[in-house]
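Right, one structure below, let's go through it.
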Amino acid sequence: MRKRLFIVFLVLAAVGLTNCLYAQPRLLVPEMYIGAAGGVSASLVMFSPKVPGTTNVLNTAFLSGRAGLMFRYSGHKCCGIQVEVNYCQRGWRENTDSHSYTRRLDYIEVPLLTHIWFGKPHFRGFINVGPQAAFCVHESESGTRQTGEVYQYNPIDNIADWGITGGVGFYGRTEKAGCFQFEARYSYSFGNIFSSKVGSHFAGSNTMVLSFNIAYLWQLK
């Protein structure tokens, strides 16, 4: 019930924020950018009930790389939209005295973001926030499985995922060399990778991701 109320709140907040932002004056010349981004991420799967060996966040975070393409359009002062297509890796690690195990899940994700910017013409801070959808295209594992726990070693039940993502960062704009950007981003999945139906082993198996990205964007005339 709380998850549904949280989702409703996010939708209403996003609609209200968008209406407020697009009441801003229009730019005389809209800004459009295309670019590429890459970075590193740390992900966790929050199992309920807990999987043994995954309680220590620092030891069980799955570290990986990510890369993608983006398009940004700003038609109003201080705000715009940003669409991305990213390849990223998520997963979890299990570490106990007797074993170490890693599960990797490869995703194609598509965030649709409200882009809020502020600052000078050549140096800006920004906030990105919005929903995202993702699709698992591959999964793999390495290490030694626990002998008493088998549920989390099955293939995932839900290859489609959805959630919300948000980030903060800054970028520098140049006249001829393009735009250089840094962003820290947090993502939370509302979907479960394993079934959470009545009678299933897991009541929840949501993913959290923290990433740090750099990007290069070219402004279209």
Taking atom types as modelled, find out whether [X] and [Y] have a side-chain donor-acceptor pair closer than 3.5 angstrom.
| X | Y | answer |
| --- | --- | --- |
| Gln152 | Glu94 | yes |
| Thr60 | Asn56 | no |
| Ser200 | Ser195 | yes |
| Glu31 | Gln219 | no |
| Ser189 | Asp161 | yes |

Aromatic ring centroids of [X] and [Y] under 6.0 Å?
| X | Y | value |
| --- | --- | --- |
| Phe194 | His201 | no |
| Tyr188 | Phe190 | yes |
| Tyr153 | Tyr101 | yes |
| Phe126 | Phe170 | no |
| Phe135 | Tyr107 | no |

Residue pair [X] / [Y]: nearest heavy atoms and the distance that separates them:
| X | Y | value |
| --- | --- | --- |
| Asn86 | Gly68 | OD1-CA, 3.3 Å |
| Pro49 | Phe202 | O-CE2, 3.6 Å |
| Thr144 | His99 | O-CD2, 2.7 Å |
| Ile108 | Val85 | CG2-CG1, 4.2 Å |
| Val209 | Ser41 | CG1-CB, 3.8 Å |
| Ser74 | His115 | OG-CD2, 4.3 Å |

Is the number of heavy atoms from other residues, nucleotides or ligands within 6.0 Å of NZ (Lys120) greater than 12?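 No.
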
query: Near Ile214 CD1, under 6.0 Å, is it more than 12 heavy atoms from other residues, nucleotides or ligands?
result: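 No, the 6.0 Å shell around CD1 holds no more than 12 heavy atoms from other groups.
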
Worksheet entry | Glu109 with Arg66: basic N within carboxylate O range, under 4.0 Å |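 Counted as a salt bridge, because a side-chain N and a carboxylate O are separated by less than 4.0 Å.
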
* To do: Could you please spell out the steps behind the ring-ring contact (aromatic ring centres under 6.0 Å, His included) verdict for Tyr171 and Trp117?
  => CA-CA 10 Å; Tyr171 54 88; Trp117 53 268; 8.0 Å; no

